[in-house]
Amino acid sequence: MKNLLGTNFITQIGILVHDIEKTSQVYADFFGVEKPEAIITDTIEKAQTEYKGEPSVARAKLAFFNMGSLQVELIEPDENPSTWREHLDEHGEGVHHIAFQIEGMKEKIQVLEQAQMPLVQKGEYEGGRYAYIDSVQDLKVMIELLENDK
């Protein structure tokens with residue numbers, strides 16, 4: 001039995017929210033930590049965002065809580081088409097994905113697509129890249145692949 005990702009270490013849980021400032025404060029109070037500064041994802045020129053195979057100008061505000069080996073990511077999407085916006089509109093606030101740190105992004109996407117888990121969205125960030133895979137039918141949650149440059 002082969003591990004499709006080459007890892008079983010979950011690095012992040014992504015949660016969609018309507019109001020990142022409010023929700024970040026609630027999480028900060030709950031965990032007794034400083035409220036993190038929300039950042040905004042890069043523009044399409046830098047992020048090269050693709051959603052369902054098409055370029056997308058979609059952006060999101062992100063806030064990160066580092067909780068030991070696991071990071072909680074809060075995501076407030078803008079109005080443009082994205083997996084974040086679609087999921088928030090259809091399902092409301094809540095868990096969007098679990099993420100894994102991987103190596104070999106192109107190969108991993110191919111392996112997952114062969115397993116009937118298609119690529120939904122991908123993009124670049126400072127120091128790496130991400131891909132959201134539609135694994136909901138089988139795994140009941142979307143997975144995100146994160147690959148950082150060495």
Side-chain angles (χ1 to χ4, degrees), residues 1-42 47-53 56 58-78 82-150:
M1 192 147 163
K2 188 172 181 288
N3 180 327
L4 295 182
L5 297 179
T7 181
N8 57 8
F9 186 78
I10 296 172
T11 188
Q12 182 190 81
I13 298 175
I15 301 170
L16 288 165
V17 301
H18 288 298
D19 183 340
I20 202 159
E21 293 302 327
K22 182 178 164 198
T23 308
S24 288
Q25 190 60 62
V26 172
Y27 267 85
D29 293 345
F30 183 81
F31 290 125
V33 298
E34 289 278 312
K35 178 172 156 257
E37 202 63 45
I39 61 163
I40 298 178
T41 58
D42 286 326
Q48 300 170 36
T49 309
E50 286 184 21
Y51 175 58
K52 295 186 174 175
S56 173
R59 298 176 78 185
K61 291 180 188 169
L62 309 177
F64 298 97
F65 289 86
N66 292 314
M67 312 303 298
S69 64
L70 189 69
Q71 185 180 65
V72 174
E73 176 187 36
L74 302 181
I75 308 162
E76 179 192 320
D78 70 9
S82 68
T83 181
W84 309 305
R85 173 47 54 203
E86 182 181 290
H87 197 281
L88 189 58
D89 289 348
E90 288 182 11
H91 305 285
E93 296 178 296
V95 173
H96 174 256
H97 67 266
I98 57 175
F100 299 86
Q101 200 74 46
I102 57 101
E103 290 180 19
M105 182 67 80
K106 284 190 175 114
E107 298 80 11
K108 295 291 189 270
I109 290 171
Q110 284 178 333
V111 165
L112 292 167
E113 288 194 319
Q114 287 166 353
Q116 274 60 63
M117 296 181 192
L119 172 68
V120 176
Q121 181 172 317
K122 68 177 182 172
E124 304 285 319
Y125 54 83
E126 194 71 44
R129 65 210 48 80
Y130 73 89
Y132 290 112
I133 304 294
D134 184 356
S135 53
V136 174
Q137 188 174 334
D138 293 330
L139 302 179
K140 312 309 174 205
V141 68
M142 188 168 299
I143 60 174
E144 181 183 28
L145 308 178
L146 296 168
E147 182 180 44
N148 292 331
D149 298 328
K150 297 239 188 297

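Just so we're clear, the structure is a prediction, and the values are computed from it rather than from any experiment.
- A heavy-atom distance below 4.5 Å is found between the side chains of Y51 and E86.
- The closest side-chain heavy-atom distance from H96 to Y132 is below 4.5 Å.
- In this structure a side-chain-to-backbone donor-acceptor pair under 3.5 Å is present from S135 to V141.
- Taking both residues in full, the closest heavy atoms of V17 and P77 are given as O-CD, 4.0 Å, listed atom of the first, atom of the second, then distance.
- At a threshold of 4.5 Å between non-hydrogen side-chain atoms, the residues T23 and I15 do not count as touching.
- Expressed to the nearest 0.5 Å, how far CD1 of I39 lies from CG of L62 amounts to 5.0 Å.
- Judged purely by atom type and a 3.5 angstrom limit, E93 uses its side chain to pair as donor or acceptor with the backbone of H18.
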Next on the checklist: What verdict does the side-chain contact (heavy atoms from CB on, under 4.5 Å) test give for M117 and V111, after you've listed the backbone C-alpha separation in whole Å, the side-chain angles of each residue and the deciding distance to 0.1 Å?
Outcome noted: CA-CA 9 Å; M117 296 181 192; V111 165; over 6 Å; no
Verdict with reasoning, F100 to T11, per side-chain contact (heavy atoms from CB on, under 4.5 Å): CA-CA 5 Å; F100 299 86; T11 188; 5.5 Å; no
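- Annotation: side chain of F9 is in contact with side chain of S69 (closest heavy-atom distance under 4.5 Å).
- Partner of Y130 under the side chain to side chain donor-acceptor pair (under 3.5 Å) criterion, out of K122, Q121, E147, E124: Q121 alone.
- Put simply, CG on N66 and CD on E73 are 11.0 Å apart, with the number rounded to the nearest 0.5 Å.
- Separation of atoms CD (Q12) and CD (Q71) is listed at 5.0 Å; rounding is to 0.5 Å.
- Smallest separation of non-hydrogen atoms from A47 and D42: CB-O, 3.7 Å.
- In terms of heavy atoms, F65 sits closest to E34 at CE2-O, 4.3 Å.
- In E90, the CD atom is crowded: over 12 heavy atoms of neighbouring residues, nucleotides or ligands sit closer than 6.0 Å.
- Closest of all the heavy-atom pairs between A58 and T49 is O-OG1, 4.2 Å.
- L4 places none of its side-chain heavy atoms less than 4.5 Å from the side chain of K108.
- Note that the OG1 atom of T83 and the CG atom of D134 stand 8.0 Å from one another [nearest 0.5 Å].
- Between L119 and I133, the closest heavy-atom pair is CA-CD1, 4.0 Å.
- Of all non-hydrogen atoms in R85 and S82, the two that sit nearest each other are N-OG, 2.9 Å.
- The CD atom of Q101 sits 11.5 Å away from atom CG of L5, with the distance rounded to the nearest 0.5 Å.
- Interatomic distance, H97 NE2 to L145 CG, rounded to the nearest 0.5 Å: 10.5 Å.
- Judged purely by atom type and a 3.5 angstrom limit, D78 uses its side chain to pair as donor or acceptor with the backbone of R59.
- Salt bridge absent: K35 and D29 never bring a charged side-chain N and a carboxylate O closer than 4.0 Å.
- Checked against salt bridge (charged side-chain N to carboxylate O under 4.0 Å, His left out), E113 has no partners two or more places apart in sequence or in another chain.
- When atom types are taken as modelled, the side chain of T41 and the backbone of A60 share a donor-acceptor pair closer than 3.5 angstrom.
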